[in-house]
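Worksheet: the structure to be examined is printed underneath.
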Amino acid sequence: MTEHSDRTDSATRAYVDHRNLLFTVAYEMLGSAADAEDVLQETWLRWAGVDLGAVRDARAYLVRIVTRQSLDRLRALGRRKEYYVGPWLPEPLLTAPDVAEDVELAESVSMAMLLVLETLTPTERAVFVLREVFESEYDDIAEAVGKTPAAVRQIAHRARAHVAARRPRGTVSPAETRAALQAFQRAVETGDMRRLLDILAPDVVALSDGGGVRHALLRPVVGADKVARLLAAGWYKRGVERSVEPIQVNGGPGLLVRADGEIDGVLAVRVDDGCVSGLYHVRNPEKLNRVRRQTPMSR
């Protein structure tokens, strides 16, 4: 075996060992699995050309590459979103139970948190994700974002305060989440207004994303009465047989919606205090590729 093939094998092993982590970093930065996969391909091309003998910490080095690539992609995405038809929601992922068991990871990839992260600047988002979710050292983050460690500390403080003022409420037990999802599913399937009003929080917010291809809400709908009426009215369309299946979406509860047997959308559900407080309905067909198979994620 040649020295070149040894180096390639070592580079491949390190990349494969950290791939799920790298995907998670890129996805939390971008809110798009498709773009995260593109970033990972670019990261591999750069990693394959690195002198491994000079690499002290493969994990930190790979995270640095993926962060830089994600930042470039995030700035391009910002311009792309300006021309997006209708409201934009993150691309939903079908996740394994182990993601939900890691409470911090589950919160960080939830629809609610990803929408909060959208309100940060690209650099603030990178610093927050690397520090708060992946516990990277300030020196490593500084190299990744091209700032001094002192500047990174200030950015982290600012981003932390920004997120804290907007982040979802406290964590909910798995049992409470399951009970709320089951009650919500029954209410949706029956179109029972009383059941819907019982399970929806008074200040529930519903958002949807059709990408200009499927019908979606033009703006958020707020309040239990309005959301209940929306669900009851939208569920029963003549000539369409609808069904729902409980799934894990982005580490949390959700429903896979089918119309005449075909996947029609994903409804990610936010639960607080035993009630549904947030509904994130993704119908854009281009964003439904990751709900057919589980996506591994890790910290």
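For this chain, numbers begin at 1 and follow the sequence in order. A quick note: this is a predicted structure, and the numbers were derived from the prediction, not measured. The analysis underlying the following values was restricted to heavy atoms, covering all of them including side chains, and did not include hydrogens, waters or symmetry mates.
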Please tell me if the side chains of [X] and [Y] come closer than 4.5 Å, counting only heavy atoms from C-beta onward.
{"X": "P97", "Y": "Q294", "value": "yes"}
{"X": "P90", "Y": "L115", "value": "yes"}
{"X": "P285", "Y": "R214", "value": "yes"}
{"X": "L279", "Y": "F184", "value": "yes"}
{"X": "M111", "Y": "P92", "value": "yes"}
{"X": "R270", "Y": "V276", "value": "no"}
{"X": "V244", "Y": "L256", "value": "no"}
{"X": "L255", "Y": "V266", "value": "no"}

_Using a 4.5 Å cut-off between side-chain heavy atoms of Ile, Leu, Val, Met, Phe, Trp and Tyr, which other residues end up in the same hydrophobic cluster as V213?_
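Members other than V213 - counting any ILVMFWY side chain reachable under 4.5 Å - there are none.
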Are [Y] and [X] linked, directly or through intermediate hydrophobic residues, by side-chain heavy-atom contacts shorter than 4.5 Å (ILVMFWY only)?
{"X": "L217", "Y": "Y84", "value": "no"}
{"X": "L89", "Y": "V221", "value": "no"}
{"X": "M297", "Y": "I247", "value": "no"}
{"X": "V116", "Y": "W88", "value": "no"}
{"X": "L207", "Y": "L288", "value": "yes"}

Output the distance between atom [atom1] ([X]) and atom [atom2] ([Y]), rounded to the nearest 0.5 Å.
{"X": "L62", "Y": "H18", "atom1": "CG", "atom2": "NE2", "result": "6.5 Å"}
{"X": "R229", "Y": "L196", "atom1": "CZ", "atom2": "CG", "result": "11.0 Å"}
{"X": "Q182", "Y": "Q185", "atom1": "CD", "atom2": "CD", "result": "8.0 Å"}
{"X": "R195", "Y": "L200", "atom1": "CZ", "atom2": "CG", "result": "13.5 Å"}
{"X": "E42", "Y": "L45", "atom1": "CD", "atom2": "CG", "result": "8.0 Å"}
{"X": "R186", "Y": "D198", "atom1": "CZ", "atom2": "CG", "result": "11.0 Å"}

Short question: side chain of [X], backbone of [Y] - any donor-acceptor pair under 3.5 Å?
{"X": "R131", "Y": "S136", "answer": "yes"}
{"X": "N284", "Y": "E286", "answer": "yes"}
{"X": "T95", "Y": "G251", "answer": "yes"}

Looking only at heavy atoms, what is the nearest atom pair of [X] and [Y], with distance?
{"X": "A224", "Y": "A201", "value": "CB-O, 3.6 Å"}
{"X": "V145", "Y": "A126", "value": "CG1-CB, 4.0 Å"}
{"X": "V172", "Y": "D273", "value": "CG2-N, 4.5 Å"}

*Can you list the residues that meet the ring pair (Phe, Tyr, Trp, His ring centres under 6.0 Å) rule with Y138, with sequence neighbours excluded?*
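Listed in chain order: nothing, the list is empty.
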*Would Y280 and D209 satisfy side chain to side chain donor-acceptor pair (under 3.5 Å), going step by step from the backbone distance to the final call?*
CA-CA 8 Å; Y280 311 91; D209 176 345; over 6 Å; no
Which pairs of donor and acceptor atoms, one on a side chain in residues 154-164, lie under 3.5 Å apart (sequence neighbours left out)?
residue, atom, partner, partner atom, Å
R158, NE, E124, OE2, 2.9
R160, NE, E132, OE2, 2.8
R160, NH2, E132, OE2, 3.1
H162, ND1, R166, NH1, 3.2
H162, NE2, T119, OG1, 2.7

Salt-bridge present ([X], [Y]; N to O < 4.0 Å):
{"X": "D264", "Y": "R283", "result": "yes"}
{"X": "E37", "Y": "R19", "result": "yes"}
{"X": "E118", "Y": "K81", "result": "yes"}
{"X": "D17", "Y": "R13", "result": "no"}

*Answer with yes or no after comparing the ring centroid distance for W47 and Y15 against a 6.0 Å cut-off, counting only values under it.*
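For W47 and Y15, the ring centres are not under 6.0 Å apart.
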*So does R194 have more than 12 non-hydrogen atoms from other groups sitting under 6.0 Å from CZ?*
yes
_Applying side-chain hydrogen bond (donor to acceptor under 3.5 Å, both in side chains) as the test, list every pair that has at least one member in residues 56-70; sequence neighbours left out._
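Found R64-E143.
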*Looking at residues at least two apart in the chain, or sitting in another chain, which of them share a salt bridge (Lys or Arg N to Asp or Glu O under 4.0 Å) with D139?*
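Once residues adjacent in sequence are excluded, D139 has no partner under the salt bridge (Lys or Arg N to Asp or Glu O under 4.0 Å) criterion.
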Pairs under 3.5 angstrom only: tabulate donor-acceptor contacts from the side chains of residues 21-35 to other protein residues two or more places apart or in another chain.
residue, atom, partner, partner atom, Å
T24, OG1, N20, O, 2.7
T24, OG1, S298, N, 3.1
T24, OG1, S298, O, 3.3
Y27, OH, E91, O, 2.6
Y27, OH, N250, ND2, 2.8
E28, OE2, S108, OG, 2.7
S32, OG, D35, N, 3.1
S32, OG, D35, OD2, 2.8
D35, OD1, R73, NH1, 2.9
D35, OD2, R80, NH2, 3.0

_Quick one, E241 with R258, criterion salt bridge (charged side-chain N to carboxylate O under 4.0 Å, His left out). Give me CA distance, side-chain angles, the key distance, then yes/no._
CA-CA 8 Å; E241 182 182 341; R258 295 181 187 274; over 6 Å; no
